[in-house]
Amino acid sequence: MTNSIKIFTGNSHHEFALLVAKRLGLPLGNCIVAKYSNLETSVTIGESVRDEDVFIVQSGCGEINDNLMELLIMINACKTASAKRITAVIPCFPYARQDKKDKSRAPITAKLVANMLTTAGASHVITMDLHASQIQGFFNIPVDNLYAEPSTLKYISTMMPEFGNGVIVSPDAGGAKRATAIADKLDVEFALIHKERKKANEVSRMVLVGDVKGRVCILVDDMADTCGTLGLAAKVLMDNGATKVYAMVTHAVLSGKAIDVINNSCLEEIIVTNTIPQSEKQTACKKLKTIDVSSTFAEAIRRTHNGESISYLFNYVPN
């Protein structure tokens with residue numbers, strides 16, 4: 001008898017896990033994740049996982065530390081229950097921005113998270129659009145870093161008829177590679193905004209490199225947190241003669257005053273994926289649109305289980 005797929009989830013993004021399970025035609029595994037009165041996390045796996053292929057879907061969002069702890073305990077619970085293989089499916093990888101020692105005594109927390117996942121018992125990790133792809137090298141286990149790019153390209157080409165007169169804009173030098181890849185595939189031009197930060201989450205000055213006059217601009221980034229960068233970037237583009245400004249973001253954290261910043265900005269729309277729950281924020285912000293990437297994760301799970309290559313997903317959206 002071959003081992004079957006078992007999908008479990010914690011409390012971070014239950015809706016996403018349901019979409020993945022539905023796509024695979026499977027029910028979510030029976031699992032209770034709760035807190036004791038002293039706020040310790042309690043996990044009960046309610047069915048046998050012995051010799052099964054276990055996938056635990058848990059995104060790094062909301063109460064990040066609680067959700068990370070839930071994931072680690074769930075992995076360890078499945079490991080001690082003799083699961084054959086445990087794959088951590090993390091749509092948005094937590095602490096991904098702390099990936100280098102950029103100042104004295106700074107911790108490389110992304111490496112610490114990688115160590116914790118491996119020690120807990122994960123044998124494989126599936127994630128999407130890591131803030132820095134070299135985070136894969138922090139692990140001693142296989143890591144599949146999926147891309148939102150195929151879904152982004154599909155949305156632009158089907159939902160934005162004016163993209164032919166568009167310019168793909170990177171809001172910082174770090175995202176230039178991602179933006180140029182999209183610009184090349186859409187056969188449109190590329191521009192770059194250079195930003196200078198005085199301190200984290202605060203941008204002091206922005207300079208546009210490229211021509212956007214009379215064009216539709218599409219800002220592309222992997223993550224939007226307080227949205228200060230996107231708001232300022234949209235203003236700089238409009239000041240330089242752009243007709244409309246859209247933003248496309250993989251992981252929309254949208255913390256602090258982000259919703260107010262978007263509502264009061266020149267942005268026409270901000271299009272994000274559902275790696276982080278957005279339903280409450282969409283009620284407060286009519287400019288917020290979501291792309292469902294659960295099909296990409298579901299197909300990655302199916303291919304991983306069957307021992308097939310997942311490189312197809314780097315360029316195509318599953319039907």
Side-chain angles (χ1 to χ4, degrees), residues 13 15-16 18-20 22-24 59 91-92 126-129 145-171 175-191 210 212 214-224 227 230 233-234 237-238 242-252 254 262-263 265-279 281-283 285-303 310-319:
H13 199 349
E15 181 190 347
F16 188 83
L18 278 171
L19 287 168
V20 170
K22 186 180 176 185
R23 173 85 185 190
L24 290 165
S59 200
C92 178
I126 299 174
T127 185
M128 180 171 267
D129 276 4
N145 182 28
L146 303 172
Y147 301 120
E149 187 185 288
S151 302
T152 301
L153 289 168
K154 185 179 178 183
Y155 186 94
I156 293 172
S157 54
T158 54
M159 305 298 283
M160 294 184 186
E162 66 266 68
F163 82 88
N165 182 40
V167 180
I168 304 295
V169 185
S170 174
K177 190 177 176 184
R178 182 183 301 104
T180 48
I182 290 174
D184 289 345
K185 285 178 181 171
L186 291 171
D187 196 22
V188 296
E189 288 184 31
F190 162 76
V212 298
R215 314 292 282 276
V216 174
C217 293
I218 303 168
L219 284 159
V220 177
D221 210 350
D222 69 316
M223 189 173 281
C227 288
L230 286 180
L237 292 169
M238 292 301 278
T243 55
K244 281 183 187 175
V245 182
Y246 294 91
M248 304 211 73
V249 178
T250 305
H251 308 298
L254 306 184
I262 295 167
N263 285 331
S265 72
C266 321
L267 287 168
E268 196 81 15
E269 277 180 4
I270 174 165
I271 300 105
V272 305
T273 70
N274 60 340
T275 56
I276 293 173
Q278 301 296 346
S279 48
K281 290 165 191 165
Q282 275 186 293
T283 311
C285 180
K286 300 300 177 195
K287 293 182 180 181
L288 193 62
K289 302 281 187 286
T290 56
I291 302 172
D292 181 18
V293 291
S294 62
S295 61
T296 303
F297 279 91
E299 184 63 11
I301 288 171
R302 190 193 67 77
R303 286 169 178 255
I310 68 155
S311 55
Y312 171 85
L313 300 173
F314 298 160
N315 297 304
Y316 302 98
V317 181
N319 294 323

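Position 1 is the first residue of the sequence, and the numbers go up from there.
One finds the CG atom of Asp292 at 13.0 Å from the OH atom of Tyr155 (value rounded to the nearest 0.5 Å). Note that the NE2 atom of His251 and the OG1 atom of Thr275 stand 5.0 Å from one another [nearest 0.5 Å]. From Thr250, atom OG1 reaches atom CG of Asp222 across 6.5 Å, with rounding to the nearest 0.5 Å. Atom OG in Ser311 sits 11.0 Å away from atom CG in Leu146 (nearest 0.5 Å). For the atom pair NE2 of His13 and CG of Asn274, the computed distance is 5.0 Å after rounding to the nearest 0.5 Å. Remark: Glu269 CD to Lys244 NZ distance equals 9.0 Å, nearest 0.5 Å.
For the pair Gln278 (side chain) and Ala252 (backbone), a donor-acceptor distance under 3.5 Å is present. Ser294 contributes no side-chain N or O that, together with a main-chain N or O of Phe16, makes up a donor-acceptor pair within less than 3.5 Å. Looking only at distances, a side-chain donor or acceptor of Gln282 sits under 3.5 Å from a matching main-chain atom of Leu288. A donor-acceptor contact shorter than 3.5 Å is absent between the side chain of Asp129 and the backbone of Asp221. Asn315 contributes no side-chain N or O that, together with a main-chain N or O of Pro150, makes up a donor-acceptor pair within less than 3.5 Å. With hydrogens and angles ignored, the 3.5 Å screen pairs a side-chain donor or acceptor of Lys287 with a backbone N or O of Ser265. Side-chain atoms of Ser59 come within 3.5 Å of backbone N or O of Cys92 as a donor-acceptor pair.
Taking the side chain as every heavy atom from C-beta outward, Met159 and Tyr246 never approach each other to under 4.5 Å. For the pair Met160/Val216, no side-chain contact is recorded, criterion being any heavy-atom separation below 4.5 Å from C-beta on. Using a 4.5 Å cut-off on side-chain heavy atoms (C-beta onward), Ile156 and Ile218 make contact. Contact annotation: the side chain of Cys266 never approaches that of Val245 to less than 4.5 Å [non-hydrogen atoms, C-beta and beyond].
Considering every non-hydrogen atom in both Leu219 and Ala234, the closest pair reads CD1-N, 4.1 Å. Residue Gly166 comes nearest to Val188 through the heavy atom pair O-CB, 3.5 Å, listed as atom of the first residue, atom of the second, then distance. The two residues Phe297 and Pro91 have their closest heavy-atom pair at CZ-CA, 3.6 Å. The minimum heavy-atom distance linking Val317 with Ser151 is given by the pair CG2-N, 3.6 Å. When all heavy atoms of Arg23 and Pro318 are compared, the pair lying nearest together is NH2-CB, 3.6 Å. The two residues Ala191 and Val212 make their nearest non-hydrogen contact at CB-CG1, 4.2 Å.
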Table please: side-chain donor-acceptor pairs of residues 176-185 below 3.5 Å, with sequence neighbours left out.
| residue | atom | partner | partner atom | Å |
| --- | --- | --- | --- | --- |
| Thr180 | OG1 | Ala176 | O | 2.9 |
| Thr180 | OG1 | Lys177 | O | 2.9 |
| Lys185 | NZ | Glu149 | OE2 | 2.5 |

Please assess Val249 against Leu230 for the test side chain to side chain contact (heavy atoms under 4.5 Å, CB included), listing each intermediate value before the final yes or no.
CA-CA 10 Å; Val249 178; Leu230 286 180; 3.9 Å; yes
Test Met128 against Thr296 for side chain to side chain contact (heavy atoms under 4.5 Å, CB included), laying out the working first.
CA-CA 10 Å; Met128 180 171 267; Thr296 303; 4.3 Å; yes
Given side chain to side chain contact (heavy atoms under 4.5 Å, CB included), test Leu254 with Ile262 step by step and report yes or no.
CA-CA 9 Å; Leu254 306 184; Ile262 295 167; 3.9 Å; yes
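Take Lys281 and apply the salt bridge (charged side-chain N to carboxylate O under 4.0 Å, His left out) test, not counting sequence neighbours, and it matches no residue. Partners of Glu189 according to the salt bridge (charged side-chain N to carboxylate O under 4.0 Å, His left out) rule, which considers only residues two or more places apart in sequence or in another chain, are Arg215.
No hydrogens or angles considered: nothing links the side chains of Glu299 and Tyr316 as a donor-acceptor pair under 3.5 Å.
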